[in-house]
Amino acid sequence: MAEYASSDDEERYQYYDDDDDDDDDVDVDGGDGGDEIVSLRSHGCRPAFKIITKESLMAAQEEDLRMVMDVLSLKEHVARTLLIHYRWDAEKLLEVLVEEGKEKLYADVGVTMMEHGKHIMSRFSSVVMCNICIEEVSANEMTTMDCGHFFCNTCWTEHFIVKINDGQSRRIRCMAHQCNAICDEEIVRNLVSARDLNLAVKFDRFLLESYIEDNRKIKWCPSVPHCGNAIRMDDPQFEVECSCGLQFCFSCSSEAHSPCSCQMWEMWAKKCQDESETVNWISVHTKPCPKCRKLVEKNGGCNLVYCICGQTFCWLCGGATGSDHTWTSIAGHSCGRFKDNEKVKVDRAKRETYLVRYLHYYNRYKAHKDSFKLESKLKETMQAKISNLEDKQCICKDFSWVTNGLSRLFRSRQIISYSYPFAYYMFGDLIENDLTKKEKEIKKNLFEDQQQQLEANIEKLSLYIEKPFDQFSNDEFMELRMKIITQSVVVDNLCSKLYECIENELLGSISGETHIIAPYKSKGVEKALELSVCRDMETSNTERNSG
Amino acid sequence: MIDFARVQKELQECSRDVEKSGIKVSPKSDGSLARLIGTIPGPVGTPYEGGTFQIDISLPDGYPFEPPKMQFATKVWHPNISSQSGAICLDILKDQWSPALTLKTALLSVQALLSAPQPDDPQDAVVAQQYLRDYQTFVGTARYWTESFAKISSLGVEEKVQKLVEMGFPEAQVRSTLEVVGGDENLALEKLCSS
């Protein structure tokens, strides 16, 4: 999805504007683009997600810290302690401050505010006893914390090292018994770096990362290997795409799984893992040809499979389809429905029926997942085709319809695959709902109709996109272009209809835990943008240092 | 590295007022100061009165910046002390430890724990349940355990000496070893075998 991601929304907008006058086909094309414009205006200007990179992490944190430091005129480490306690929700912190007062706020967090006048040290002679190592140490080798407790620097350093290594950098307390004061970060940093520079760096990193780990609004990107980014969510949203390309669900940090709810997805992922042995045994990677019974492996994106014996069959149900099997007639085929075969029910043990039911949904889920994987390879071949055409000086100079079509295919392929686990839970008896058996049956039919329509049209889109259009004549080429453009729009509409159906007809009837499903976005999963660092950072920084 | 200079000073400080506090800390085996034996008298007015309780102390490398590990060597019936292993459930031995505390203050806290059990935060669920449901039986059992395990009678010592001498160790060595380990027969045997 790299090319799609890099194509700038603004540029596309411009393009549609210019093109509109001189090309007949652009009506449809422009329709697709029109969608883009609307969504750009409605929420494109202020994205709900921001990417926090290693570089911007410091600035983002400083912004919040400084706000609290300014309002309460506090030292940095006290402000940090307060913010960590409130999980970096500065608004909540200020709310408590206004409603309950400063003393209550500090007491809740366990911050002890002591008068600074207590410089007992100065009154002593040049040599002082450190109560930790029980040695006499010269006064300039001692450090007094905000709370007024003083110990020798060697002991302080040891204490800090133990606490940092123990993962407690965010809350290093004073060494005195039952003293809750948090040690001044500056002192920790100075003393530790004199002993072990690496550990001092580690300390700073732990403090920084607290901004992400103790923060309700921020999550690490769950990519493996980790891309180093975190995402901040400013408005409640669900699915997001990190700049590394990974799409994930913000609320459960697993892969983007709509239209499954987080709870359904968690159960499904676990179930797939638990039952994987059985499923392997039934071998989902291959299907026997209905004619010669040879095991056929699927090596292309669409669901019409050709066996080497010449037999064609449907990958989803494994049923033979004649040579007159067209893509439109696959649209009508009903293998996406789960049939409760009465005889099966009576004959077999209940558990077996559960397995059959699970396998029905699992196989379809897996089939689309596999298609998605295979189709992902299309990105490269598509690029090759495009550059091929550019070399040939093709009549069409713009290829956004290919990339748009491809990203539509990817997105819808994911949606259709996740719609199977959704249906598994929605229409099973694992999640409690208020539906009668008859109501459930009606809703199931409604949903399955939508699902099948979408499925058929995705296959159609896949078929078109896989065509070797770089070898086509001009007429054929323009015809296919039109087909891909229209098909993309059809699929988009069907996706949003499926979500509407889920949202309006199905979710309301589930009782108990709420199932929140990330809304469908025509544009695809929202991409997080780089966090822009506050511009007056620099100035306020220098002001603080001078003051 | 353990701050042995401090441990040394702590031991001196402790032995200075042993008469007053009754709390003793001594090295377990000669040489290393990392493993110690603490002794506390059972608090007056509790089922532990009259008993002498031994506590195994092992100092982690980070001592005194990390808490010492303490465990009852003497069997004791108490909601916050495991009747099986002697593990102690005490906050200052965990997250509430402060480098400003010492072995003596920690042992004093353990002693305080003997007089004030906290059954709501138990280490030994069986004991805690008995403490809450049937206090009289609890007191009885605790006293019986104190009598059986925490009292070193002089007769007992003679019996142990005899037993060890029968095993083939010279009597003088047996007596001195028993004294070093505080009368624990098994520890003495261990030590005699390793020497």
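Residue numbering restarts at 1 for every chain, and letters A, B, ... go by the order of the sequence lines.
Residues B/Ala5 and A/Glu135 come closest through the heavy atom pair CB-OE2, 4.1 Å. Between B/Ser98 and A/Ala176 the shortest heavy-atom distance is OG-C, 3.5 Å.
Side-chain atoms of B/Arg6 come within 3.5 Å of backbone atoms of A/Ile132 as a donor-acceptor pair (strictly under, hydrogens ignored).
Residue-level contacts of residues 88-100 of chain A with chain B do not occur; threshold 4.5 Å between heavy atoms. Scanning residues 154-170 of chain A against chain B with a 4.5 Å non-hydrogen threshold yields A/Cys155, A/Glu158, A/His159, A/Val162, sorted by number.
Contacts with chain A were tallied for B/Thr105, B/Leu101, B/Thr102; B/Leu101 has the most, counting heavy-atom pairs under 4.5 Å.
With a 6.0 Å radius and a threshold of 12 heavy atoms from other residues, nucleotides or ligands, B/Lys20 has its NZ atom at or below the threshold. More than 12 non-hydrogen atoms from other residues, nucleotides or ligands lie less than 6.0 angstrom from CZ of B/Phe4. The environment of B/Lys24 atom NZ is sparse: at most 12 non-hydrogen atoms of other residues, nucleotides or ligands sit within 6.0 angstrom.
Both the backbone and the side chain of B/Pro99 come within contact range of chain A, with heavy atoms under 4.5 Å apart.
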